[in-house]
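Each ligand, and each atom within it, is numbered from 1 in the order the structure gives. Just so we're clear, the structure is a prediction, and the values are computed from it rather than from any experiment.
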Amino acid sequence: MRSKARLVLASAVMALAVSGCSEGSLQSASSTPVAVAASTSVEADSEARIADIVSRMSLERKIAQLIQPQINSVTPEEMRKYRWGSYLNGGNGGPYGDEFAPASEWLRLADEMWDASTAPLPNGEPIIPTMWGTDAVHGHTNVMNATIFPHNIGLGATRDPDIVRQIGAATAVEIEVTGIDWNFSPTVAVARDDRWGRTYESYSEDPVLTGQMGAALIEGLQGKPGDADFLAQGRVIATAKHFFADGGTDQGVDQGDVNGDIEELMAIHAVPYPMAIAAGVETIMASFNSINGIKMHGNRDLLTDVLRGEMGFDGLVVGDWNAHGQIAGCTVSDCPQSLLAGLDIYMVPDDAVALYESLLAQVRDGTIPEARVDEAVTRILRVKMRAGLLGPDAQKPSARPNAGEYEKLGQASHRAIAREAVAKSQVILKNEGVLPIKSGANILVAGEAADSIAQAAGGWTLTWQGGRELTNDYFPGATSIWAGIEEAAVESGGSATLSVDGSFEQRPDVAIVVFGEQPYAEFAGDRKNMVFGDEEGLELLRKFKAQGIPTVSVFLSGRPLWMNRELNASDAFVASWLPGSEGAGVADVLFGAVPATGKLSFSWPASCEGMPLNGPDGALFAMGYGRALDDHSALGRLSEDCGFLSLSAGSEWYANGRLAAGVSAMAGGSDLPNLRGQGDGIVARGIDKDRQEDARSITFGPGGSLTLNGSGEGAFVISYNLPQAPAGQVTISSGGEPVSVSPQLTIAAGKGWREMVLTQACLGSLGDSLTIATDAPLELSVVEISRRELPAGTQCSF
Ligand code: BGC
Ligand code: BGC
């Protein structure tokens with residue numbers, strides 16, 4: 001029935017059949033992983049060994065292999081007790097609670113976890129070392145000092161699988177430095193609606209280009225199947241994610257539903273998978289999305305029949321962050337459906353023990369056949385064995401090659417690869433002659449983004465969401481776009497001045513304006529249309545234009561956007577994507593040190609609405625567009641009509657895990673970027689309500705106060721949860737006198753998530769700020785804060 005899709009997949013599946021696989025080995029009777037004899041193994045031999053190990057494991061230890069908690073929750077003690085098969089660090093995870101911990105702390109934790117997982121067991125039960133997975137999605141960027149490569153959208157524009165392979169290899173070495181085994185990368189999503197917040201994780205809207213780039217990254221990370229270094233020194237386990245159709249959701253809503261004929265969907269969104277499998281990918285991550293109403297984590301037809309059967313995948317399938325909990329009838333700690341559908345590892349960041357207990361009970365009562373558990377464990381051990389984590393060469397993390405060689409994080413050769421990739425990813429959309437910048441020119445560089453490495457790096461950079469609050473001090477050894485331009489200008493015999501607001505004393509020959517999207521990750525980056533609402537860059541461009549100064553736009557973004565106004569105000573316009581830590585690669589193109597070869601891997605929209613655009617129809621620049629430096633043909637004036645421009649930015653102050661643009665949070669006197677972190681008398685942590693870190697748990701100390709500043713009209717509506725009644729006096733104010741709300745909160749406490757409506761009726765005044773203050777410790781969670789016009793006289797409610 002899936003004949004069309006089968007045809008598309010057939011050639012890659014054949015390639016898989018001949019690729020073969022190398023592997024490690026394991027002595028069957030050993031109870032320690034390190035004391036195993038070498039083996040002259042062939043595939044059949046190691047399969048027999050795995051079968052033998054599985055047959056000697058207790059049900060408890062087998063279930064533990066299926067469970068993957070995160071480092072913010074799991075301790076070495078718990079690891080020693082349960083022997084989890086794997087664990088991860090989330091985007092906001094760091095060793096011992098410090099996401100900015102030095103690399104040595106990452107390695108120390110890796111050792112502690114490994115030691116705990118390999119402590120002797122009674123009765124000679126086999127010992128299975130654990131493994132650590134991380135999101136090194138554009139370099140090993142959870143860790144300080146790592147090389148930050150361009151995000152995938154930029155790599156798609158390079159059209160160069162070789163540079164992507166080199167990036168994979170460099171990333172693998174940096175991962176090994178910290179003792180980590182497994183990378184949740186590449187994303188091989190085929191993003192088809194650029195409103196999706198993960199568009200930048202997609203190489204291209206074109207499935208084949210995506211598949212080629214994904215396969216190249218896999219080969220770089222793991223090595224090539226059959227080569228001596230496959231999964232050996234300098235290589236780590238890769239993951240193709242998220243299977244499948246993550247890039248095909250309706251309206252680009254993250255984790256949403258994908259609708260349509262399954263064969264047609266496969267012919268787009270499943271195409272990269274056989275290519276990844278042929279490249280030897282050992283793990284595949286199931287996707288959050290549903291297809292025609294069925295969540296992927298519960299879809300047996302696709303996870304088992306298609307992925308295993310038709311595509312012949314023999315590695316392991318890992319789940320996404322609590323995604324199994326979204327299946328109808330499941331919770332994060334109770335979900336036999338996923339295992340039955342074909343998932344092998346549950347990513348269950350904070351509820352490992354509860355899930356373990358329920359799975360154990362479900363095998364005992366026959367809900368889950370033990371044979372299915374054995375099958376999943378077999379796949380997990382197979383991957384571990386191939387990766388050398390289970391066998392004669394298995395060593396603790398710090399004893400492995402590259403481990404602890406901290407100078408390899410961000411080493412010069414890796415940064416050179418990144419710089420080359422940056423240069424190759426720059427796409428020139430307009431150039432009326434100002435590029436290449438002439439030698440000796442006196443250049444003004446403007447825009448908040450120009451000297452922000454964090455903004456150039458985007459999401460998944462040190463923190464999950466990334467963000468400009470990460471100053472350049474967090475990126476030792478990195479080069480901002482500004483610093484790269486300055487160096488190139490001086491080298492060319494000219495000069496450059498950084499002037500964020502564009503002011504100058506000496507009139508420049510040319511102004512370069514660097515601007516773009518603020519960093520985001522996952523659903524926090526979803527948008528409703530293609531309007532780039534931030535007008536800082538536009539104002540700067542228009543100001544220079546009015547003075548007759550030639551302008552160059554360097555636009556940082558995770559996707560194409562409707563930029564007609566900015567294009568009109570620019571003499572040259574470069575789509576720079578999210579280049580990362582080697583900003584000098586941008587100057588390499590601007591100054592003509594390297595040719596401009598970047599080509600769009602996505603269609604660029606002519607209109608601002610934001611309907612799916614995948615082809616020349618409706619495109620201002622079709623996929624494949626990108627000018628050479630000497631192409632000075634006129635672009636002409638573009639229409640600036642857009643129905644969405646007049647709409648207000650929306651009245652949500654905080655939603656989907658993000659403070660809206662123009663809204664700031666203060667804890668006492670200190671800034672609390674994105675309502676997260678530590679401030680005067682307050683700690684705000686990201687917690688999961690409906691989705692990952694969509695909510696904040698705010699702990700106030702005595703005298704703590706939280707103030708949000710923004711704009712908008714009408715009442716404040718707050719979705720909140722107060723686990724316990726306030727111990728003291730809690731007040732709320734909005735530009736007026738503080739009003740006590742302790743009695744109301746006492747009634748609301750302990751009743752779960754509720755809505756608080758604050759109108760003029762109780763606050764007296766509704767201004768541009770909202771302050772919550774307390775004189776005693778208080779714990780308050782919020783998931784949304786918005787403003788809403790309500791009928792006059794509406795009473796407050798809690
Ligand atoms: C993302 C995955 C990621 C996982 C682990 C999820 O929120 O969807 O892409 O691998 O977190 O960090
Ligand atoms: C966050 C999650 C997110 C994950 C991605 C975590 O630290 O809490 O919400 O999905 O990072 O890795």
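Side-chain rings of His151 and His138 approach one another, their centers coming within less than 6.0 Å. With ring centers used as reference points, Tyr520 lies under 6.0 Å from Tyr200.
Using cut-offs of 30° and 60° on the angle between ring planes, the pair Trp84 and Tyr356 is perpendicular.
A cation-pi arrangement is absent between Lys384 and Trp114, since the terminal nitrogen or guanidinium carbon is not both under 6.0 Å from the aromatic centre and inside a 45° cone about the axis. In this structure, Arg696 is not positioned above the aromatic face of Tyr720 in the sense of NZ or CZ being under 6.0 Å from the six-membered ring centre and within 45° of the axis.
For ligand 1, the 4.0 Å heavy-atom shell contains residues Leu88, Asp135, Phe184, Arg198, Lys241, His242, Met285, Phe288, Asp320, Trp321, Met347, Glu522, Gln692.
Looking at Arg195, Gln251, Glu205 one by one, the single match for side-chain contact (heavy atoms from CB on, under 4.5 Å) with Pro612 turns out to be Arg195.
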